[in-house]
There are 2 protein chains.
Amino acid sequence: MPSPKPLRMTRQRRIILDELRQLKTHPAADEVFQIVKRRMPRISLATVYRNLDILSQIGVIQKLETAGLQRRFDGNISPHPHVRCVKCGRVDDMTGDVRPLRPDEIPRAQGYTIHGYRLEFLGTCPQCGEGPGAAQ
Amino acid sequence: MPSPKPLRMTRQRRIILDELRQLKTHPAADEVFQIVKRRMPRISLATVYRNLDILSQIGVIQKLETAGLQRRFDGNISPHPHVRCVKCGRVDDMTGDVRPLRPDEIPRAQGYTIHGYRLEFLGTCPQCGEGPGAAQ
DNA sequence: TTAGTTGCAAACATTTTGCCGAACG
DNA sequence: CGTTCGGCAAAATGTTTGCAACTAA
């Protein structure tokens with residue numbers, strides 16, 4: 001297991017992390033970019049991307065869209081749960097059943113009207129197996 | 001409510017739908033393209049995209065990534081549920097608690113090793129409200 | 001006949017990468 | 001002072017769109 005590469009706490013990295021922690025929203029990269037630019041006008045979008053990536057890899061922040069970049073399609077329209085391989089991105093159906101949430105199990109979100117939810121399981125597919133492997 | 005525009009069942013549309021229904025996987029657009037091309041070598045990727053979009057809009061197939069295309073980031077790394085506005089894409093934290101799934105509530109998927117799951121609520125945010133509004 | 005559709009190419013949107021000078025530790 | 005890092009611009013990905021020709025109904 002390679003020892004993790006040493007990280008420097010640069011001004012841009014600190015500001016990105018700082019702003020992200022202040023925000024109650026969950027901004028996309030370019031929103032972070034706009035916000036950070038107010039404190040650091042010459043920062044580049046690439047730096048924001050690089051740092052968001054590094055910070056999420058070391059587990060200091062969360063990257064919400066695990067999904068990869070492509071959309072996937074399902075010829076089966078009945079609602080059913082899926083598994084996504086965290087290594088190769090492949091998606092399959094879950095076999096067993098999952099008990100749906102009862103309405104009273106759905107919490108509030110201020111101002112939101114909740115229509116439903118999406119449950120997706122994460123794991124590694126048979127091809128990718130357990131090993132370290134190239135993630136994402 | 002505008003009456004839905006009449007749709008034609010073209011050869012390409014039929015083949016796309018047909019192939020998608022056969023597949024047990026959940027292919028991305030370019031995989032559908034590769035597959036359909038075997039039966040229709042001159043089909044274009046744009047046609048595949050257009051039809052996947054139309055077919056999912058009329059509810060004949062499912063588009064799995066509701067998320068939009070951008071990744072979002074969260075400065076809070078503790079696992080907690082989110083709400084996503086289906087109209088503007090905004091993401092917020094859920095306030096209440098959601099009971100986590102017990103291990104025995106997690107179904108099998110042949111060959112997969114399940115590491116966890118992701119639960120995301122869908123709704124409309126206060127700004128977007130209930131109305132018809134521009135989705136996605 | 002005629003509106004919805006297609007293929008093609010170009011435009012878009014988002015994320016990643018190569019390069020080199022800059023700066024953290 | 002060496003290595004990681006940042007800025008910039010270009011490339012890579014994935015998806016959408018304009019347009020003239022085509023075709024299902």
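Reckoned from all heavy atoms, side chains included, excluding hydrogens, waters and symmetry mates. Chain letters run A, B, ... following the sequence lines, proteins first and then strands; every chain starts at 1. The structure presented is a predicted model; accordingly, all values stated were derived computationally and were not measured.
- Rounding to whole angstrom units, CG of residue A:Leu52 and P of C:dT14 are separated by 15 Å.
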Check your understanding: What string of B, S and - do you get for nucleotides 7-15 of chain D, 5' to 3', when a contact is any protein heavy atom under 4.0 Å?
Key -> BBB----SB
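- Nucleic acid contact class of B:Asp53 (heavy atoms, under 4.0 Å, all strands): none.
- When rounded to the nearest whole Å, the span between CZ of A:Arg13 and P of C:dC24 equals 12 Å.
- A:Ile54 places its CD1 atom 13 Å from the C1' atom of C:dT17, with the value rounded to the nearest Å.
- With hydrogens and angles ignored, no donor-acceptor pair closer than 3.5 Å exists between the side chain of A:Arg11 and the base of C:dA23.
- Counting to the nearest Å, the P atom of C:dA13 and the CD atom of A:Glu31 are 15 Å from each other.
- Legend: residues meeting salt bridge (charged side-chain N to carboxylate O under 4.0 Å, His left out) with B:Arg42, ordered by chain and number and at least two apart, are absent.
- Summarising the geometry, the separation between CZ on A:Phe33 and P on D:dG6 is reported as 14 Å, rounded to the nearest angstrom.
- Nearest-nucleotide mapping onto DNA chain D: of B:Arg8 and A:Arg8, the residue sitting toward the 5' end is A:Arg8.
- Atom P of nucleotide C:dA13 and atom CD of A:Gln34 are separated by 14 Å, given to the nearest angstrom.
- Taking B:Arg39 as the reference, B:Asp18, B:Glu19 meet the salt bridge (charged side-chain N to carboxylate O under 4.0 Å, His left out) condition, with sequence neighbours excluded.
- For residues 68-112 of chain A, the pairs satisfying ring-ring contact (aromatic ring centres under 6.0 Å, His included) are A:His80-A:His82, A:His82-B:His26, with sequence neighbours left out.
- For B:Asp92, the salt bridge (charged side-chain N to carboxylate O under 4.0 Å, His left out) partners two or more places apart in sequence, or in a different chain, are B:Arg90.
- A donor-acceptor pair is defined here as one N or O able to donate and one able to accept, closer than 3.5 Å; no such pair exists between the side chain of A:Gln34 and the backbone of A:Glu31.
- Of the residues listed (A:Arg13, A:Arg50, A:Gln62), the one engaging A:Leu55 in a side-chain contact (heavy atoms from CB on, under 4.5 Å) is A:Arg13, and it is the only one.
- Rounded to whole Å, atom P of D:dT23 lies 19 Å from atom CG of B:Leu7.
- Distance B:Gln57 CD to C:dT5 P: 12 Å, rounded to the nearest Å.
- Checking the phosphate oxygens (OP1, OP2) of D:dG6, a side-chain nitrogen or oxygen of A:Thr10 falls inside 4.0 Å.
- Residues that satisfy the salt bridge (charged side-chain N to carboxylate O under 4.0 Å, His left out) test with A:Arg38, not counting sequence neighbours, are absent from this structure.
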